[in-house]
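Numbers here are sequence positions counted from 1. What you see is a predicted model, and the numbers here were worked out from it, not measured in a lab.
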Amino acid sequence: MKKVYACFCTDVIHEGHLNIINKAKEYGELVVGILSDEAMIRYNRFPTIGFEERVALFKNLEGVSEVVIQHDIMYDKIIEEVKPDYVIHGDNWKEGPEAAIRANVIEVLEKNGGELIEVPYTYNENVKRVDDRLKEKLAMPEFRRKRLRQLIKMRPIVKTIEVHSGLTGLIAEKTVVENDGEFDQFDAMWISSLCDSTAKGKPDIELVDMTSRCRTIDDVMEVTTKPIIFDGDTGGLTEHFVYLVRTLERMGVSAIIIEDKTGLKKNSLFGTEVAQTQDTIENFSAKIAAGKKVQLTDDFMIIARIESLILEQGMEDALNRARAFRDAGADGIMIHSRKKDPAEILEFCDKFRAEDKETPIVVVPSSFNTITEAELAEHGVNIVIYANQLTRSAFPAMEQTAKDILKYHRAKEVDSRLMPIKQILTLIDEL
Ligand code: SPV
Ligand code: MG
C-alpha cells in the first residue's frame with residue numbers, strides 16, 4: 001500500500017477537505033498531519049479550537065489511517081518522518097507566501113523520491129461561509145480579548161503594529177511575508193495615542209476624547225480579528241479610568257497600557273524638552289488597583305508604563321516603580337526610552353527579569369530601533385510594539401504626491417507610485 005500525506009490547518013472539515021481525503025484514497029492510505037498552533041499562527045489565522053480538538057476532527061474520519069503532528073511550516077522534517085509516496089494538497093498555494101511551501105514540498109519530495117498531487121481547490125458559497133464564520137468567531141469579543149494572553153505564551157515575542165483606521169487595520173491583519181523559508185505576520189495591533197491623534201490632525205495631549213478613540217477601535221475591529229492593545233495615555237482620573245476599563249473589556253480589547261504621568265501629558269519622545277510630570281507611585285498604584293478591581297474577565301490586561309527613563313529619573317526609580325505597579329496588580333510592565341542606544345532598556349529588562357521571571361515586559365523601539373526582536377526576546381521582552389511606523393511612512397508619501405500634482409498640474413507623473421485603481425477597488429473584502 002502506498003502512503004499519502006496531507007497537512008491540514010483547519011478547525012472545521014468542509015467539502016474541500018473531504019474532496020482531498022477522497023482523492024488521497026485513490027493513491028493509497030492517508031496519513032494526516034495537523035500543523036501545530038505555533039506554526040499555524042505564523043502565516044495563517046489563529047485556531048478557534050484547541051489543538052487536541054483539531055487532531056480529533058481527523059482521528060475518526062473514514063479514509064484517514066493515522067494522524068501526526070507537523071511542527072514546522074516547511075515539510076523537510078515531516079517528510080523525513082512519514083516517508084510518504086505522495087503529498088496531496090489543494091492547488092491554491094501557487095501564489096503569495098504559500099508558494100514557498102509548495103516549492104519546499106516539491107524539492108523535498110524530489111530528494112526523497114515522492115510525488116506531489118494537487119487537487120483543484122473547492123471554492124463555493126458553502127466553503128466561503130465556513131471560512132467567514134471562523135473569521136467572524138475570531139473577531140468576537142470573547143475570542144479576541146483573551147488572545148493576547150494566549151500569544152504571550154505561544155510566541156517568543158508578540159509583534160505588534162500601530163493601527164489607527166480600518167485601512168491600517170487591514171494591513172496589520174493581512175500582511176504576511178516569507179523570507180528564506182521563514183514566515184511572519186503581526187500578532188497584535190496597537191492603537192497609538194500619537195497616531196490616532198495625528199490622523200485627526202490633533203496633538204498627542206489626551207485631547208482626542210475617549211468616545212473618539214473608541215470609535216477608532218471600532219473601525220479597526222470591524223475589519224480585523226487580531227488582538228488590540230490600547231494606548232490609554234495616563235488613564236485619566238481614576239474615577240473615569242474604571243469606566244474605560246469596563247468599556248474596553250466589553251468591546252474585546254485585550255489590554256490597556258497606561259503611563260505614570262499626570263497633568264498635561266505630552267508625547268514621551270519629547271522627553272525632558274517639555275514640562276511633564278510623573279505621577280507618584282502611590283497614586284498610580286491606586287489607579288491600577290482600581291482598574292483591576294472593576295474588570296469582569298480574567299482575560300483583560302492592565303499594563304503599567306514607566307516613564308522614569310524618559311524623564312531621567314534613573315534606573316532605580318524605574319525598577320522600584322515596576323515592583324510597585326506589579327504588586328498593585330499590573331499584568332505587565334512597559335518600559336520606555338528615547339535613547340538611540342538600547343542599553344538602558346536592556347539593563348532594565350535584565351535587572352527586572354533577574355527578580356521577576358513572569359510579569360510580561362513590553363517595549364516600543366522607536367528610538368532604539370537597531371535592536372532586533374530576537375535580541376529583545378533574549379532579554380526577557382514579551383511584546384514589541386512598532387508604535388508609529390505606518391503613519392510615518394504614509395505621511396511623506398502622501399505629501400510628495402500632493403506636491404507633484406501641484407508641480408505638474410496633472411496626476412500622470414505620480415501614477416506609477418500609486419496603487420492601481422483595480423487593486424484599491426478589490427482591497428476590501430465584500431461580505
Ligand atoms: C504612542 O504611540 O502614542 C505612544 C508611544 O505612546 S510613544 O509615542 O513613543 O510615546
Ligand atoms: Mg501614546
Side-chain angles (χ1 to χ4, degrees), residues 1-124 126-128 130-131 134 154 176 178-185:
M1 192 78 163
K2 299 268 188 192
K3 219 187 231 186
V4 189
Y5 179 74
C7 177
F8 289 98
C9 47
T10 185
D11 307 350
V12 172
I13 296 179
H14 58 53
E15 57 193 279
H17 305 121
L18 293 176
N19 188 30
I20 290 178
I21 291 167
N22 286 332
K23 194 79 196 162
K25 271 195 231 159
E26 294 172 19
Y27 290 85
E29 61 170 24
L30 175 63
V31 177
V32 161
I34 305 295
L35 193 63
S36 70
D37 289 349
E38 286 78 4
M40 184 167 160
I41 61 174
R42 295 197 67 159
Y43 79 102
N44 209 309
R45 52 172 181 71
F46 203 90
T48 61
I49 55 175
F51 183 75
E52 289 309 320
E53 287 172 89
R54 289 204 287 125
V55 169
L57 283 179
F58 287 89
K59 257 215 162 123
N60 302 317
L61 208 63
E62 208 215 303
V64 175
S65 71
E66 194 187 341
V67 178
V68 296
I69 305 172
Q70 182 171 330
H71 290 283
D72 306 314
I73 296 175
M74 294 305 187
Y75 280 57
D76 303 67
K77 280 202 195 120
I78 199 74
I79 287 181
E80 196 60 33
E81 196 183 306
V82 176
K83 299 189 189 346
D85 300 288
Y86 302 98
V87 168
I88 191 164
H89 198 282
D91 65 357
N92 58 325
W93 61 343
K94 292 183 177 162
E95 270 154 39
E98 276 187 88
I101 308 177
R102 180 174 184 266
N104 164 264
V105 170
I106 291 170
E107 191 195 314
V108 180
L109 283 175
E110 235 163 54
K111 246 193 275 165
N112 290 266
E115 202 183 309
L116 173 65
I117 307 159
E118 288 179 302
V119 184
Y121 185 71
T122 313
Y123 206 74
N124 58 31
N126 281 341
V127 170
K128 181 170 168 1
V130 172
D131 273 353
L134 290 179
M154 292 165 77
V176 180
E178 181 272 328
N179 192 16
D180 272 345
E182 289 291 323
F183 283 79
D184 254 313
Q185 63 175 325

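- A side chain to side chain contact (heavy atoms under 4.5 Å, CB included) with Pro47 is found for exactly one of Leu134, Thr10, Asp37, namely Asp37.
- Legend: residues meeting ring-ring contact (aromatic ring centres under 6.0 Å, His included) with His89, ordered by chain and number and at least two apart, are Trp93.
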Check the pair Glu80 / Lys77 against salt bridge (charged side-chain N to carboxylate O under 4.0 Å, His left out), numbers first and verdict last.
CA-CA 5 Å; Glu80 196 60 33; Lys77 280 202 195 120; over 6 Å; no
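- With Gln185 contributing its side chain and Asn44 its backbone, the two residues share a donor-acceptor pair below 3.5 Å.
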Going through the distances and angles, do Asn92 and Tyr123 end up as a side chain to side chain contact (heavy atoms under 4.5 Å, CB included)?
CA-CA 10 Å; Asn92 58 325; Tyr123 206 74; over 6 Å; no
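- Remark: the backbone N or O of Thr48 is paired with a side-chain donor or acceptor of Asp11 at under 3.5 angstrom.
- Put simply, the side chain of Arg102 never gets that close to the backbone of Asp91: no donor and acceptor are under 3.5 Å apart.
- Remark: His71 pairs with no residue by the ring-ring contact (aromatic ring centres under 6.0 Å, His included) rule, at least two apart or across chains.
- Residue pairs satisfying the side chain to side chain donor-acceptor pair (under 3.5 Å) criterion with at least one member in residues 55-64, sequence neighbours excluded, are absent.
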May I have the step-by-step check of side chain to side chain contact (heavy atoms under 4.5 Å, CB included) for Tyr5 and Val105, ending in yes or no?
CA-CA 11 Å; Tyr5 179 74; Val105 170; over 6 Å; no
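- Looking at Asn124, Asn22, Thr122 one by one, the single match for side-chain hydrogen bond (donor to acceptor under 3.5 Å, both in side chains) with Glu15 turns out to be Asn124.
- Within a 6.0 Å sphere centred on NZ of Lys25, heavy atoms belonging to other residues, nucleotides or ligands number more than 12.
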